[in-house]
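Read through the structure below, which is laid out as structure tokens, and then see the notes.
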Protein chains: 4
Amino acid sequence: MSPRPKNPPPDRRGEILEAAFRVFAEKGYRAATMAEIARAAGVTPAALYYYFPSKADLFRAAVTERRSQLQPALAALASPDARELPPREFLGALLRAMADFLADERTRAVIRILLAEGPRDPSLVAIFQEEVYGNIGAVLGYLEQHMAQGNVRPMDPRVFLLFFQGPLLAMVIFRDLLRLGPYRDLPNPALVEPLAETILAGLVPEKR
Amino acid sequence: MSPRPKNPPPDRRGEILEAAFRVFAEKGYRAATMAEIARAAGVTPAALYYYFPSKADLFRAAVTERRSQLQPALAALASPDARELPPREFLGALLRAMADFLADERTRAVIRILLAEGPRDPSLVAIFQEEVYGNIGAVLGYLEQHMAQGNVRPMDPRVFLLFFQGPLLAMVIFRDLLRLGPYRDLPNPALVEPLAETILAGLVPEKR
Amino acid sequence: MSPRPKNPPPDRRGEILEAAFRVFAEKGYRAATMAEIARAAGVTPAALYYYFPSKADLFRAAVTERRSQLQPALAALASPDARELPPREFLGALLRAMADFLADERTRAVIRILLAEGPRDPSLVAIFQEEVYGNIGAVLGYLEQHMAQGNVRPMDPRVFLLFFQGPLLAMVIFRDLLRLGPYRDLPNPALVEPLAETILAGLVPEKR
Amino acid sequence: MSPRPKNPPPDRRGEILEAAFRVFAEKGYRAATMAEIARAAGVTPAALYYYFPSKADLFRAAVTERRSQLQPALAALASPDARELPPREFLGALLRAMADFLADERTRAVIRILLAEGPRDPSLVAIFQEEVYGNIGAVLGYLEQHMAQGNVRPMDPRVFLLFFQGPLLAMVIFRDLLRLGPYRDLPNPALVEPLAETILAGLVPEKR
DNA sequence: CATGAATGAGAATTCATTCAT
DNA sequence: GATGAATGAATTCTCATTCAT
């Protein structure tokens, strides 16, 4: 009957968002129920509707909230200080940072949601696209500059991104999402170091 | 030709499986309803239960059926004749074949289902794992042989697979599943040819 | 568990429509619940959705069904044989028939629904308008003919309708719908006979 | 003028009552939500409960309040000065006044509520019954006197009321509530003048 | 084989109401 | 006086599933 816990809860909205994201990531949008999210947030289902008009809105808000939480990590990938480094070091550092970023539990949850719901919900993809491309754009700028100087083999930037994002993404998908047996105990560096070497061998021609 | 008197009895089971797979791939397991699958198959929902005991079973059967349909294409990836080629040619051919395989509409549907449902259903992943690894194993055998001969840089085979599956998978995910704007008009060869060159540059040392 | 009563129910749809109309008339659209309608029809709420896609559709169907049930009585009001009578007899007969029609339980239920929901739902009104006007049109035709012959004082037909429908409608509203104390025991003839006389006195000039 | 220091304290209660009546009249009791009423009144739903214990009480209070607003208009219908007139003039004046009263927007809203909720809520009807009958009683008194004098044909007063209220009520229902096409542009006098003539022709015998 | 009819168990959502502040 | 936050009890609607025929 009493609609209120005694001590004022500090940030119900945030707690709900957090709980909702967890449940959505674990179960997927359809299988996640408002009742379960409410339980996870320690409130009643009706409380969810006090803060968000619908399940779809809660989902969107939860995802957007998570995006902004990831924002600093994403921005760090394009940190200005790394851009002083020569291509080999820069790319190595970038690969390591990106591997850590992708393998982070919070990022993985986003990837899971994006892969599960994105194909049916382009607007969901759009939430991240802008953000990601804004930060990756800085990286591409660095590369284009060095391509122009002949330090890096000229290449379609999209292809370049696939080169080093692809293996990392595949690792996260196989190892962390699908939990394929053979990949289960593959540590990040086991992929990243050979990847850096191999890709760089192909990308940065005359240094070899 | 056949002495069968009536018009060929329709392969109801097969049609249902086909329709079910389409609907599951498009909507995801939870959002796909038995009614919609039935409609897609041209039967009533009750008929589904004549052939399959439950939605979960139908899903599993539909996925398994699709796996066996992809089987020939997968097997071709490990075709014995390509294994006569030297590493550069072999790897190039493999990359091209795999890119075509991954980008094929039927494969994409499987990937979509695996990415969406796999994280919550390890047994679903298992259905494909065996199959895929059986065929990829042949490829790995080839490589191990050449690594031993010094023709290919020695490397963890899992990492090797990530190297060349990763970018292809990423391309399919970005371009075909998430339909990211920038990737929408990236043709397979635009990725595959630079990928072959670059990776090979790193993988096959003395040729450079 | 058993989804089916043993002996096949003869006309579930009709029963549901009937029950729905009763409940809608008694409670109004909003206050009537699918659960109560189901109970009244002896089925489960889900069964309602087997026959009708939504509550709104069920409402509409129930009202339309009732309209067609009333159709014969309405048509009788414009029966051709009464049209052979001279104006005084014709109007008297019409008034009596209409009073009986309006005071009939089934008609009253329609009036109740129309008065309660009509102001917010013009399409509901439209369901009856056509029907009613079709039949009343015949009456008006008779009158116009006699107006032309000078047997009936010329008059706007809408006003004419208000003249003799109005008191009858008011009687039904006061007596049967609002159950105003003073009207509770006013029998139809107590209104109809003076009404016939009085109105006719004004309407059929030279006969007096 | 007034020595009150601050800006006049708003009549919250009155505003709420006003807003509540509007919303109830437009949507009906069930469909009207406390939230919407609060919004219309410019307060929060909780504030409603400061002034009224429940939705039902608010409804009742809003209706009663409106009744007292209509009171003067109702009383005017039985104004003493008109009672000096001879029957023909008196009845004509009464008809005109009543038509104006019924067609007034505020009265219409009351009628709408009474027709929609009255059948399920006798106590709602009672709120007005007393009021109305008190004032109409005066009119009936006038008539009874003239009936006794032979100036008006003797008649059950309830029937008399139906005679001239009925067409007016029907006009308001058809034209203003149900918005029936044919009645939409029927002005009050188009009904009232013929009605006066016709009814009087029947009611006031020797003048004809 | 196949279906029409039906259902039980949820699911999202609404809403009058409460109460500490 | 007034409100923000919250809730319990409906309510509409969905859907996998059943089974007599």
Item checked: Complementary nucleotide of dT21(F), counting Watson-Crick and G-U pairs under 3.5 Å -> dA2(E)

Item checked: Between P of dA16(F) and CG of D57(B), the distance in whole Å -> 14 Å

Next item on the list: For the side chain of R30(A), starting at C-beta, report the closest nucleotide among dC15(F), dA12(E), dT17(E).
Entry: dC15(F)

Notebook entry, point to check: Quick one: which of dA16(E), dG4(F), dA16(F) gets closest to the side chain of T33(B)?
Noted result: dA16(F)

Notebook entry, point to check: Applying a 3.5 Å limit to both distances, which nucleotide forms a Watson-Crick or G-U wobble pair with dA16(E)?
Noted result: dT7(F)

Next item on the list: Figure out the CG/P separation between L48(D) and dC15(E), and round it to whole Å.
Entry: 14 Å

Checklist line | Electrostatic pair E15(C)-R12(C), nearest N-O below 4.0 angstrom | finding: yes

Check: Given dA2(F), is OP1 or OP2 found less than 4.0 Å from the side-chain N or O atoms of Y50(D)?
Finding: no

Check: Reckon A32(D) touches a base, only the sugar-phosphate, or nothing at all at heavy-atom distances under 4.0 Å?
Finding: sugar-phosphate

Check: Reckon R12(B) has a side-chain N or O less than 4.0 Å from the OP1 or OP2 of dA2(E)?
Finding: yes

Note to self: What is the distance, to the nearest angstrom, from the OH atom on Y49(C) to the P atom on dA11(E)?
What the structure shows: 17 Å

Item checked: Nearest-nucleotide 5' precedence on DNA chain E, Y51(B) against A46(D) -> Y51(B)

Note to self: Please pick, from dT17(F), dG4(E), dT3(E), the nucleotide with the shortest atom-to-atom distance to any side-chain atom of P45(B).
What the structure shows: dT17(F)

Check: Which of the following nucleotides, dT14(F), dC19(F), dT17(E), is nearest to the side chain of S54(D)?
Finding: dT17(E)

Margin query: Would you compute the distance between atom CZ of F59(A) and atom CD1 of I37(A) and round it to the nearest 0.5 angstrom?
Written below: 9.5 Å

Item checked: Between P of dC15(F) and CG of L58(B), the distance in whole Å -> 16 Å

Check: Looking only at heavy atoms, what is the nearest atom pair of A32(A) and F24(A), with distance?
Finding: CB-CD2, 3.6 Å

Check: Are the side chain of Y51(B) and the backbone of L58(B) linked by a donor-acceptor contact shorter than 3.5 Å?
Finding: no

Margin query: Rounded to whole Å, how long is the line connecting atom NZ of K55(D) with atom C1' of dT14(E)?
Written below: 11 Å

Next item on the list: Between V43(C) and A31(A), just flag the one whose closest nucleotide in DNA chain E comes earlier from the 5' side.
Entry: V43(C)

Notebook entry, point to check: Under 3.5 Å, side chain of K55(C) to main-chain N/O of Y29(C), donor-acceptor pair present?
Noted result: yes

Next item on the list: Assign each of A35(B) and G42(D) to its nearest nucleotide of DNA chain F by heavy atoms, then name whichever residue's nucleotide is nearer the 5' end.
Entry: G42(D)

Checklist line | Spacing between I37(A) atom CD1 and dT13(E) atom C1', to the nearest angstrom | finding: 14 Å

Item checked: Whole-Å distance separating the CE atom of M34(C) from the P atom of dT14(E) -> 18 Å

Margin query: Rounded to whole Å, please give me the gap between OH in Y29(C) and P in dT11(F).
Written below: 14 Å

